[in-house]
Amino acid sequence: MNFGKIERRSFEIENTMKINGGIPLKGTIKTQGAKNAALPVMAVCLLLKGETLTLDNVPDLYDINTMIETLKSLGVEIEVKNSQVVFKVPDELKWEVSENLARKMRASSLVLGPLLANCGKVSLPLPGGCSIGSRPIDLHLKGLKQMGAYIEIQNGVVHASVKGKLRGRRIYLDFPSVGATENLMMAASLAQGETIIENIAREPEIDNLADTLRCIGVPVELEGTGGVRIQGIDKAHSGHDKVIPDRIEACTYILAGVMTNGHIKIEDIVPSHIDAILAKLEESGAKFSVKKNVIEIFPSKKKLHPVSIKTMPYPGFPTDSQPQMAAALSIAKGVSTIEESVFQARFLYAQELNRMGADIKISRDVAIIRGVDKLQGANVKASDLRAGAALIIAGLAAQGETIVDDMVHVWRGYEAIDKKLKSLGAQVELL
Ligand code: UD1
């Protein structure tokens with residue numbers, strides 16, 4: 001069955017999911033637009049003045065709604081028609097972000113670069129803390145300062161301003177941060193002259209951002225060696241672009257299919273975006289085939305073999321898929337390890353999976369996962385978005401009933417996850 005169009009949620013969020021596990025998933029679903037691509041390309045509208053940006057394939061998520069609210073609060077008029085979102089930007093934008101919107105998600109920091117470049121000033125309360133480890137924005141600020149911005153942090157609020165225009169220059173990122181790359185690419189778009197940023201993040205979401213910048217008239221050249229060259233322009237024009245498929249959502253369903261010994265197809269994937277995960281699945285003996293933009297997962301009589309994984313910036317194994325991979329490996333035959341090298345504290349899900357009978361020990365930044373025969377249903381709590389996804393797929397494979405609380409995190413990144421799972425035959429209910 002094809003899942004088809006999903007209505008935009010109202011975000012009266014149901015905070016609990018009840019799962020009756022042990023049912024192999026069956027059927028076909030389609031990947032949503034990527035949350036992590038949509039958020040920066042939405043912020044691109046802040047580079048416009050009196051022009052319009054139209055984006056297709058925008059997923060219906062809590063974080064997307066937060067970005068919509070943030071952009072509206074800055075004066076952008078927004079129309080949402082299913083997955084198409086139209087941003088009508090006035091001649092004068094507001095430049096102060098409210099505390100309650102900024103603290104809702106880390107990605108609100110993405111308005112910093114474009115607003116500063118367009119309005120010459122911005123004030124942004126520092127995005128709130130996060131349960132996957134400290135997430136500073138020092139690299140964003142350092143790059144903006146190098147482009148001539150004056151930046152002060154007072155009482156937890158970043159105040160940035162620039163006399164005249166930001167100035168294009170060569171910037172070297174100390175770490176290939178996704179958010180810093182995106183912020184600086186947007187800032188460079190309206191800067192005076194050419195900016196070259198070295199050691200940038202090369203996640204597929206960066207290519208999506210480069211395309212959206214090009215569609216409003218910014219010359220952007222991504223270089224194979226981890227750099228980007230941007231010619232600043234005086235005024236950006238209206239544009240129309242689309243959001244790429246969500247590789248992390250796709251991998252979550254792939255792993256749900258593998259864990260439940262199901263037979264599912266996932267449409268609208270970009271195979272090259274999920275190479276690292278497919279390589280590990282192949283190594284672990286999972287049965288699947290990839291044809292063009294569709295992956296098919298087949299049931300298998302054999303348990304997964306254990307594997308060793310280290311999360312890395314793209315094209316390495318994505319940190320956003322490690323909790324779901326840990327769930328799958330928790331019922332493999334043997335001992336697997338996952339080393340987390342991107343975030344400091346991304347193993348909070350382990351104690352919850354252990355409540356379900358998994359055997360995961362954390363030693364500093366490594367999870368040691370001893371495969372058990374079966375997981376059992378339990379009451380568990382999502383500590384963050386991907387931890388929540390891991391618990392849901394574990395619940396689908398477990399015997400008996402699992403209650404996942406704090407689903408508020410899951411709605412940040414998974415469009416209609418309950419409906420998609422039901423269309424694959426899962427017994428799930430929102431409470
Ligand atoms: C983005 C993704 C997130 C993903 C992450 C890594 C979005 C909206 N979110 O987050 O889902 O897990 O990439 O793939 O796209 N760092 C600093 N200083 C900085 C910036 C980052 O020290 O100024 C550190 C962070 O603390 C973290 C690491 O760099 O340890 C990676 O962060 P970054 O790549 O910036 O991730 P985000 O853009 O926040």
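In each ligand, atom 1 is the first atom listed, and ligand 1 is the first ligand listed. Values below: all heavy atoms of this structure, side chains included; hydrogens, waters and symmetry mates excluded. Since the model is a prediction, treat every value here as computed from it, not as a measurement.
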Just distances here: any N/O of [X] and N/O of ligand 1 closer than 3.5 Å?
{"X": "F175", "result": "no"}
{"X": "V178", "result": "yes"}
{"X": "E182", "result": "no"}
{"X": "K35", "result": "no"}
{"X": "S177", "result": "yes"}
{"X": "V342", "result": "yes"}

Atom NZ of K280 with >12 non-hydrogen neighbours under 6.0 angstrom: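 More than 12 within 6.0 Å, yes.
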Within the supplied structure, the quantity of interest is the number of heavy atoms (other residues, nucleotides, ligands) at a distance under 6.0 Å from K88 NZ; does it exceed 12?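 Incorrect, the count does not exceed 12.
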Just by distance, do the side chain of [X] and the backbone of [Y] share a donor-acceptor pair under 3.5 Å?
{"X": "N118", "Y": "L46", "result": "yes"}
{"X": "E415", "Y": "D60", "result": "yes"}
{"X": "E203", "Y": "Y314", "result": "yes"}
{"X": "R214", "Y": "V220", "result": "yes"}
{"X": "Q146", "Y": "I171", "result": "no"}

Any heavy atom of A180 sitting closer than 4.0 Å to ligand 1?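 Judged by the 4.0 Å heavy-atom criterion, A180 does not count as contacting ligand 1.
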State if Q322 counts as touching ligand 1 under the rule of any non-hydrogen atom under 4.0 Å.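 No, Q322 has no heavy atom closer than 4.0 Å to ligand 1.
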At under 4.0 Å between heavy atoms, which part of [X] makes contact with ligand 1: side chain, backbone, both or neither?
{"X": "H140", "value": "both"}
{"X": "D138", "value": "both"}
{"X": "R346", "value": "side chain"}

Numbering the atoms of ligand 1 from 1, which are under 4.0 Å from a heavy atom of G179?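 Result: 35 (O), 38 (O).
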Can you list the ligand 1 atoms lying under 4.0 Å from a non-hydrogen atom of T319?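 Contacts of ligand 1 toward T319, numbered from 1: 6 (C), 12 (O), 14 (O).
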What I want to find out is whether K235 reaches E51 closely enough, with some N-O distance under 4.0 Å, to be called a salt bridge.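 The answer is yes: the pair qualifies as a salt bridge.
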Going by distance alone, is a donor N or O of one side chain under 3.5 Å from an acceptor N or O of the other, for T319 and E340?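 Yes, side-chain donor-acceptor contact under 3.5 Å.
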Selected option - heavy-atom contact closest to atom 11 (O) of ligand 1, from L110, D63, D320: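 It is D320 whose heavy atom sits nearest to atom 11 (O) of ligand 1.
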